[in-house]
Amino acid sequence: MKSAYFLVAFALLAFASSFVFAYDPSPLQDFCVGINDTKNGVFVNGKFCKDPKLVIAEDFFFSGFDKPGNTSNAVGSAVTPAFVEQLLGLNTLGVSLVRIDYAPNGGLNPPHTHPRGTEILVVQEGTLYVGFVSSNDDGNRFFAKVLNKGDIFVFPIGMIHFQLNIGETPAVAIAGFSSQNPGTIVIANAVFGSNPRINPDVLAKAFMLDKNVIKYLESYF
């Protein structure tokens, strides 16, 4: 009898843990269009949701992926997002997209992670060198590939990854995510440009660099 109670308790804990570790849980209704004005919000599921009777086709519409992003910046890339903030109809649906533009000869989407979503990327134009690094537990293995037009690559959730344009012409990619809001942490910005700053002693020891080198790096962020 005790073993039966144990199995029931174990099953309940396992069932509960599936909710604890879930990302973007499945919706409980046909749609739940996000709304920033809570006056007309009647349900809550990720964001306050618009009254279904007031939902219109435009709530599920986004325009702009036909326009190149401005890559005139330090890294030579631009990301045009279609997350839940730009497309409120994505709320609770667990998907989103971005367009990424890369300048010729080295346009870079720098090393970063998405803490809440896996990314799948398809090259629309150009040639990209892409890769990600696995976790410490897996030995920080580096997986890399050169992608051409029509090629697809997957970056697992939470892994540090990047894309670099190795061609002489602009490159374009479309990336999908398993989250309405996958989040982005650019590694260099987070480490050297945090607000407030991380104590230089910590970074000097972590990167095994002189503190003056750390301060020099921070000056760029």
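On a predicted model such as this, the values are computed, not experimentally measured, just so you know.
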Donor-acceptor check, side chain of [X] to backbone of [Y], threshold 3.5 angstrom: yes or no?
| X | Y | result |
| --- | --- | --- |
| N165 | G107 | no |
| D138 | S135 | no |
| D51 | K53 | yes |
| S134 | R141 | yes |
| T71 | Y102 | no |
| Q180 | T92 | yes |
| T118 | I157 | yes |
| T113 | I160 | no |
| R116 | N181 | yes |
| N73 | S77 | yes |

With no hydrogens and no angle check, do the side chains of Y129 and Q163 hold a donor and an acceptor under 3.5 Å apart?
-> no

Walk me through it: do I185 and H112 pass the test side-chain contact (heavy atoms from CB on, under 4.5 Å)?
-> CA-CA 5 Å; I185 302 172; H112 61 282; 5.9 Å; no

Counting only heavy atoms not in Y216, do more than 12 fall under 6.0 Å of its OH?
-> no

Atom [atom1] of [X] and atom [atom2] of [Y]: how far apart are they, to the nearest 0.5 Å?
| X | Y | atom1 | atom2 | value |
| --- | --- | --- | --- | --- |
| L164 | T127 | CG | OG1 | 11.0 Å |
| N189 | N195 | CG | CG | 12.5 Å |
| N148 | I166 | CG | CD1 | 7.5 Å |
| N199 | K211 | CG | NZ | 7.0 Å |
| F83 | N91 | CZ | CG | 14.5 Å |
| L121 | L147 | CG | CG | 7.0 Å |

Are any of the side-chain heavy atoms of [X] and [Y] separated by less than 4.5 Å?
| X | Y | value |
| --- | --- | --- |
| F192 | L203 | yes |
| P81 | Q86 | yes |
| P68 | R99 | yes |
| F142 | F132 | no |
| V55 | F60 | yes |

Say whether [X] and [Y] are linked into one hydrophobic cluster, either directly or through other cluster members, by side-chain heavy-atom distances under 4.5 angstrom.
| X | Y | value |
| --- | --- | --- |
| F62 | I56 | no |
| M159 | V186 | no |
| V122 | I120 | yes |
| L108 | V130 | no |
| V79 | L128 | yes |

Does the pair K149/D151 count as a salt bridge with the N-to-O cut at 4.0 Å?
-> no

Please report the shortest heavy-atom distance between [X] and [Y], naming the atom on each side.
| X | Y | answer |
| --- | --- | --- |
| S96 | P182 | OG-CD, 3.7 Å |
| G117 | S179 | CA-CB, 4.3 Å |
| S194 | I198 | OG-N, 3.2 Å |

What about the rings of H114 and F177, do their centers lie closer together than 6.0 Å?
-> yes

Do F155 and H161 make the cut of ring centroids closer than 6.0 angstrom?
-> yes

Would you please test L97 and F65 for side-chain contact (heavy atoms from CB on, under 4.5 Å) and show each step?
-> CA-CA 10 Å; L97 287 172; F65 273 19; 3.9 Å; yes

